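As the structure is a computational prediction, the values presented were derived from the model and not from experiment. Reminder, nothing fancy here: chain letters follow the sequence lines and each chain counts from 1.
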Amino acid sequence: MIDYKALEKWIDRWRDAKIFYADPNDKKKYFITVAYPYPNSPQHIGHGRTYTLADVHARYMRMKGYNVLFPMGFHYTGTPILAMSKRIAENDIELIKTFTDIYKVPKEIIERFVEPIEIAKYFKEEIKQGMIEMGYSIDWRREFTTVDKLYNKFIEWQFRKLKNKGYIVQGSHPVGWCPKDNSPVSQHDTLGDIEPEFNEYTLIKFDYNEAKILVATLRPETIFGVTNLWINPNGRYVKARVNNEIWIVSESCANKLSYLNKKVEILEKFNGSTLINKEVRSIHNRTIKILEASFVDEENGTGIVMSVPAHAPYDYQALVDLRLDINPIVIIRSEKYNDKIPAYEVIKEFNIKDQNDPRLEDATATLYSYEFYNGVMIVDEYKGIKVSDARDAVKSTLIRDNYADTMLELTKDVRCRCGTKCVVKILNDQWFIDYSKREWKDLAHECLNRMNLLPNDIREEFEYTIEWLRERACARRSGLGTKLPWDKEWIIESLSDSVIYMAYYIIAKFADKIDIDSVDDAFFDYIFNGGKNVEQAIAEDIKREFEYFYPVDSRHSGRDLIPNHLTFFIFNHTALFEKERWPKEIVVNGSVLMEGKKMSKSFGNIIPLRSAIKEHGADAIRAAILITSELLQDADFTFDILSSVKNKLEKIYENCKELKEYESNDRIDRWLRSTLQHTIIRVTASMDKLRVREALHEILYSMDDMLEWYITRKSAKGDKPSLKQFFDVRIRLLAPFTPFICEEIWHMFGNDSFVSLAEWPNADERLIDYDADHGEILIMSVLEDIKNILKVTKIKPKDIYIYTASNDKCAIYSKILLLILKGEKNISNIIKDLMKNDNNAKKMVDMIKKMVDDILSISDEIREKRVMLDEKSVLNDAKELFEREFNASIHIYNEDDKEIIDPKSKAKYARPYKPAIYID
RNA sequence: GCGGGAGUCGCCAAGCCUGGUCAACGGCGCUAGGUUGAGGGCCUAGUCCCUUAGGGGUUCGUGGGUUCAAAUCCCACCUCCCGCACCA
């Protein structure tokens, strides 16, 4: 058993030896960063993936000899923490329960959470401890938060710089809005997490005395088919001065208009019934009546709608129900409905009973979408125009001629977390970062093209995002963060103040030596872009360090940040830094599932990282998160795998404990050393692409198979194993993944340096021994074949005869091998080729076919290195193994042998690497 | 709708770019045997179907096609997942 608690001592040893502090030196540098956490909750296993991956990367590069800088900061910027503290102040039971029961926050600390900064501080510490306990090789001297005074200055510099370049613009912008909180709402601010989406209604004006009655519609083209208006008799309506006209709309509509840049002054309130049977004049000078209809919703649009019975099933059905003698006016023709009244046809089709029939909804949707794509206008002004085109044309004409206006309306009933019904608000002086600028996009593309992406599959997603991005609001009215330097009413929002902070890690190390009050833009310009020299002497040191460590060599993050943060990161670097400081690589990873399910509070399957570490140790968790899938896939974390990994590690530990060294240089020792070199080459290649699953498989499983085979072969001969070098390499390969246990074993081996700083194994070409490699392949496959035969025949062997192929066959085999290596893989061509030059070949066409198959069915690398073995002596080396395995006498001959014993004439079937076998 | 991605032998999941290494890596689970005081762990074998000689058959969402050869390339279709903004 391993004492996991005891392994934690390495945390202190690493810290005391300061081995993860990175300062400029003569070595090549490697700068790795990960998206810093937002401290509004403790970390769970899912968070662990990105950070662990980055740490593995950092540790790997460190062992490869790089001077690796891996820093960490904390992102306090944003509104969620603010909202949380508000809810705490309001004594929100649900949230308090989450804190006490799930996050295990002590009661007396929760009381402090009415102060938002206290929440951030608490969870920051929590998260930091988790990172330390996970063994992340972070240089903690560079820690900072985004509300630090110096960071604020840094962000101010960034924004003034962007503004000077013309990348910051001001404009108006519609948002979902909570009238009570006076703040924008997005999906996670709403009850039920409903995304606030809006439609643009066309408001068509109908003359009513000196006033205008406004109806809201999504189908302005149907104005030509209007027969009457509908109003809810119980609804509350108002007459109001809107801008310079008198409008009649529902009271709720008047309220909503006031958020949409309209000046609204209520003049009079009344019930809908007042207007019933009144007449209005349509834009075509037709006089139509206002009729009552209960289906009209005063909360939606203007609370008044126009009736187009020919094309709107609701309207048609209402006329039927009310037995009104009004003729529908058909204005759209389509193939399906031809000269008929479409609404009537659809009602028949759906078998609608009355106005309250729920199927009316479907009937409406069906007809609307059919006519939109297939309908053609038949009214004079728009004759022959498709509905899909006519809609916009009619709308803009109406607006131009002041017959209509527009209004944004939420598509669904959206409520803020506080319970208030949301509206659409147009923000007028909103600040944006203008990612739509062509020359900026070009720079971003250029940066992307120079960049390495892991995995490369995501490149297209970036390309698309760069094109798709446009103006992005970069400031809000509330939340923690940095104030917009030229407009202190605004706070820079979180996705905008986190795009170039990697550069700030360089400065953070010096923060307490800097006279913050005297820091100005020139200070940052000097450090980052070689501007004029500045007063502060420390700037010189920082500048030197910046020039050493920047650019970022590898940026890690979850793939969900591609459409925003990671692309902003690219954009902003190209705007603010010289080309040689542009980032070099982005690595993205998928998320983590818990036992196949998404992690969520409602599933109750969120496991806090720190308690998982306590229970299972950091090593097993690190490996279990990374072993199940490659980068982009979602990783499935399961306890079965966790414990399996844990056992694997324990076994390695036990093996290492018992390790003794014996001198020996058998065929099998040569094989082990040779295979070890192949393993090093493969694992290194995997690591270079951060194919961590592949690497871990190799180290944990394939190396176990090697070990088993080696021991089996050794013990069959009664020899002692010699495994010191094997484990020396294995522990170093494993060290980036499971640093604690590797550090322990490393020291157990008598090393007094840290494995965390040990040299990554280098393959020694001289130890690669193809004769040994292929010899063992032969032995394994013969073993396999015999087992197969025994399995099918179910006989108990007394004598086993093995016949290796004749010299003639080996000669042909070599020729075939050569042909295939030259690229000829077509069987019939190969046979033709051989027949031309070789008389022997003619006699063994069948044999040749099989050999071609044999050769084609081995991997390229094995094929290229295929050597012709003295198979008889190789197999003799494993004779004891066969005897022990099958409990039988083993007789090995070459087909050509004079004294051969071949009772069933099997020898003739022998092929190179496929000896014939006879079992008695 | 726009964009990205995925469908592989119980589950998870490699492979697909660069066709032959593919009945298809590996893990988990399951079955049997060994070890152990039992259990766990560990080890061995098996885990699509058939097979008394190392073999054969049918498989990689569906249907076509290209090729001596396709999970892999091409075409069409079906299903599923994710993102679409001012939010971390």
Proximity to the side chain of Asp640(A) - top-ranked nucleotide from rC28(B), rA88(B), rA53(B): rC28(B)
I'd like to know if Arg693(A) reaches the base of rC25(B) with its side chain such that a donor and an acceptor end up less than 3.5 angstrom apart. yes
Suppose we call two aromatic rings close when their centres sit under 6.0 Å apart. Are Phe568(A) and Tyr435(A) close by that rule? yes
Is there side-chain contact between Glu493(A) and Thr77(A), with heavy atoms separated by less than 4.5 Å? no
Side-chain donor/acceptor contact of Asp636(A) with base of rA13(B) under 3.5 Å: no
The nucleotide from rG26(B), rA53(B), rC43(B) with an atom nearest the side chain of Thr793(A) is rA53(B)
Given rA88(B), is OP1 or OP2 found less than 4.0 Å from the side-chain N or O atoms of Thr79(A)? yes
Would you mind classifying the nucleic acid contact of Ala475(A) as base, sugar-phosphate or nothing, using non-hydrogen atoms under 4.0 angstrom? nothing
Asp902(A) and Lys908(A) ion-paired at < 4.0 Å: no
Among the nucleotides rA88(B), rG3(B), rG20(B), whichever has the atom closest to the side chain of Tyr464(A) is rG3(B)
May I ask you to decide whether Asp434(A) forms a salt bridge with Arg470(A), counting only side-chain N to carboxylate O separations under 4.0 Å? no
Would you mind checking if Lys651(A) and Glu654(A) are paired as a salt bridge, meaning a charged N to carboxylate O distance below 4.0 Å? no
Selected nucleotide, minimal atom distance to Arg691(A) side chain, candidates rC86(B), rA14(B), rA53(B): rA14(B)
Quick one: Phe886(A) CZ to rG54(B) P, roughly how many Å, whole number? 16 Å
Nearest nucleotide by nearest heavy atom, which residue falls closer to the 5' end of RNA chain B, Glu630(A) or Ile786(A)? Glu630(A)
Closer to the 5' end of RNA chain B via nearest nucleotide, is it Ser644(A) or Gly176(A)? Ser644(A)
Under 4.0 Å between any heavy atoms, over every strand shown, what does Pro174(A) touch: base, sugar-phosphate, or nothing? Just pick one. nothing
Measure distances between side-chain N and O atoms of Asp785(A) and base N and O atoms of rG54(B), and say whether any donor-acceptor pair falls under 3.5 Å. yes
For a quick check of understanding: with a heavy-atom distance under 4.0 Å over all strands, which category does Leu561(A) fall into, base, sugar-phosphate or nothing? base
Distance between the P atoms of rA23(B) and rC48(B), in whole angstroms? 14 Å
